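The shown structure was predicted, so the numbers you read here are calculated from the model rather than taken from an experiment. First the proteins, then the strands, lettered A, B, ... as listed; each starts at 1. These numbers come from the heavy atoms of this one structure, side chains and all, not from hydrogens, waters or symmetry mates.
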There are 2 protein chains.
Amino acid sequence: MSERGSGVATREAIRAAAERLFLDRGYARTPVRDIAGAAGVNAALVIRYFGSKEELFLETMRLTIDDEPLLDVPIESFGRRFVEVVLSTDDIRGVYLALVRGSGESRIAERLREVHEQALVAPLRARLSGADADLRARMAAAAVGGLLYSLWVVGDEDLAADRDELVARYGAIVQQLVAPLP
Amino acid sequence: MSERGSGVATREAIRAAAERLFLDRGYARTPVRDIAGAAGVNAALVIRYFGSKEELFLETMRLTIDDEPLLDVPIESFGRRFVEVVLSTDDIRGVYLALVRGSGESRIAERLREVHEQALVAPLRARLSGADADLRARMAAAAVGGLLYSLWVVGDEDLAADRDELVARYGAIVQQLVAPLP
DNA sequence: GTCTATATGCAGATAGAC
DNA sequence: GTCTATCTGCATATAGAC
């Protein structure tokens, strides 16, 4: 079966190898030759299939946050729960780091905007209403983004030391933005 | 005068050209040859003087925030004023962006930690007291870092639209962390 | 001492052989 | 569909001109 089959499997092998290496080492520190090696093919073939290293990067560095566990959360505890979900969703860290560090390239920056909008702004925006809902959602997304930045880009060890306390207290800040006390 | 003089001027010309180009285009997108060209010398000379492109980058990407205008600020308006100062200090944007994007290199990441600590955490920490002062300062620094991240790395145009309102409202969040209401 | 010319080695990408 | 050979441009190292 599948006289035309093997190309598809090879393409997927390249994609999977690239995803793993990009998440692990980022864009700049991952040579195309290493991706090819991990996939068991020639480096030229990687370019053949995906056009360029940047295309392959964009093909693999996607992120969709699962909203569902957040929909049932009562509004009074939404801020904290959102921080908790973002910090414990597996894929976020690697994708976020790779996109932030690669954002000197304009297309990677564009992807970062999309991911930020979809993963942080949108879930917050969905729970807000009122005239300034959009601004509040964007400020809350900025605050959450700042937590990821401090923990993962800067690597603030003292901030990471007590994760439960961090979730509780930083969550309370986000909560203030989502549903300010009267 | 100065039989040994011209080398000093050349070195400074290279340093100045490098600073301008790194701030403008970042680390990855600035070839050593461009720096040399802008300084009017050969590329090999740049390496001669500074050892490597990375050394030169670290030599130029420093940042010291001027604390003084913050020392007199009453504690009730400190959060807002701090946001205002950070957003309007000229050098911060370029240095911050270049360091964040270059942070895949371990020495650049280390410099980012230093700058984050010195420019964001320390001024906040200086105004706080109490058992949890350090954690509160780090959370406030994360929040401010998130603002820079959203505005400059992500490029959230909607957030940037009304700067005065942003300063007032995001400043209020930082204020909550600096001096929480009783 | 200060600088240039040139060489080395690695990266992404292309042409075309098999 | 896959690989070999090769091009171009990069950071960096060395030799030696002035």
Side-chain angles (χ1 to χ4, degrees), chain A residues 1-22 24-61 98 101-108 111, chain B residues 1-22 24-61 98 101-108 111:
Chain A
M1 52 282 188
S2 73
E3 300 90 293
R4 62 183 176 84
S6 103
V8 177
T10 301
R11 187 189 166 94
E12 174 52 25
I14 293 169
R15 207 207 56 76
E19 181 174 19
R20 186 172 60 76
L21 288 170
F22 283 140
D24 219 54
R25 311 185 199 162
Y27 182 72
R29 296 172 60 105
T30 304
V32 171
R33 283 168 171 83
D34 285 11
I35 297 169
V41 298
N42 186 275
L45 200 60
V46 173
I47 302 296
R48 265 281 155 113
Y49 274 118
F50 291 91
S52 72
K53 177 179 166 177
E54 190 178 281
E55 291 288 344
L56 176 55
F57 182 78
L58 291 170
E59 187 83 16
T60 53
M61 295 296 107
R101 289 179 175 152
S103 66
E105 302 296 323
S106 60
R107 299 184 60 199
I108 297 178
R111 172 63 53 83
Chain B
M1 54 298 177
S2 71
E3 300 91 291
R4 61 180 176 88
S6 101
V8 178
T10 302
R11 187 187 164 93
E12 173 52 24
I14 293 169
R15 207 207 55 76
E19 179 173 19
R20 187 171 59 77
L21 289 169
F22 283 140
D24 219 53
R25 312 184 199 161
Y27 182 74
R29 298 174 58 106
T30 304
V32 172
R33 281 169 171 83
D34 286 10
I35 297 169
V41 299
N42 186 278
L45 199 61
V46 174
I47 301 297
R48 265 272 159 126
Y49 275 120
F50 292 91
S52 71
K53 176 178 165 178
E54 191 178 281
E55 290 288 343
L56 176 55
F57 181 77
L58 291 170
E59 186 83 16
T60 52
M61 294 298 106
R101 288 177 175 155
S103 65
E105 302 296 322
S106 62
R107 297 185 61 198
I108 298 177
R111 173 62 53 83

Pairwise side-chain contact, A:Arg107 with A:Phe57, heavy-atom cut-off 4.5 Å (strictly under): no
Side-chain heavy atoms of B:Tyr49 within contact of B:Glu12, under 4.5 Å: no
Touch class at under 4.0 angstrom, heavy-atom based, for A:Phe50 against every strand present: nothing
Please give, in whole Å, the distance from [N] [atom2] to [X] [atom1]?
X       : N      : atom1 : atom2 : result
A:Leu45 : C:dA17 : CG    : P     : 18 Å
A:Ile14 : D:dT2  : CD1   : C1'   : 10 Å
A:Arg11 : D:dT2  : CZ    : P     : 12 Å
A:Arg48 : D:dT6  : CZ    : P     : 17 Å
B:Asn42 : D:dA15 : CG    : P     : 17 Å
B:Ile47 : D:dC10 : CD1   : P     : 13 Å
B:Arg29 : C:dG12 : CZ    : P     : 16 Å

From NZ (B:Lys53) to CZ (B:Arg33), nearest 0.5 Å: 11.0 Å
Value rounded to 0.5 Å, distance of CZ in B:Arg101 from CD in A:Glu105: 9.5 Å
A:Ile14: which of A:Thr60, A:Val32, A:Ile35 passes side chain to side chain contact (heavy atoms under 4.5 Å, CB included): A:Ile35
Nearest-neighbour nucleotide for the B:Tyr49 side chain, C:dC3, C:dA5, D:dT12 considered: C:dC3
B:Thr10 vs C:dC3: side-chain N/O to OP1/OP2 distance below 4.0 Å: yes
A:Arg111 side chain vs A:Met61 backbone, donor-acceptor pair below 3.5 Å: yes
Between protein and nucleic acid, restricted to nucleotides 9-11 of chain C and to nitrogen or oxygen atoms under 3.5 Å apart, what atom pairs and distances do you find?
none

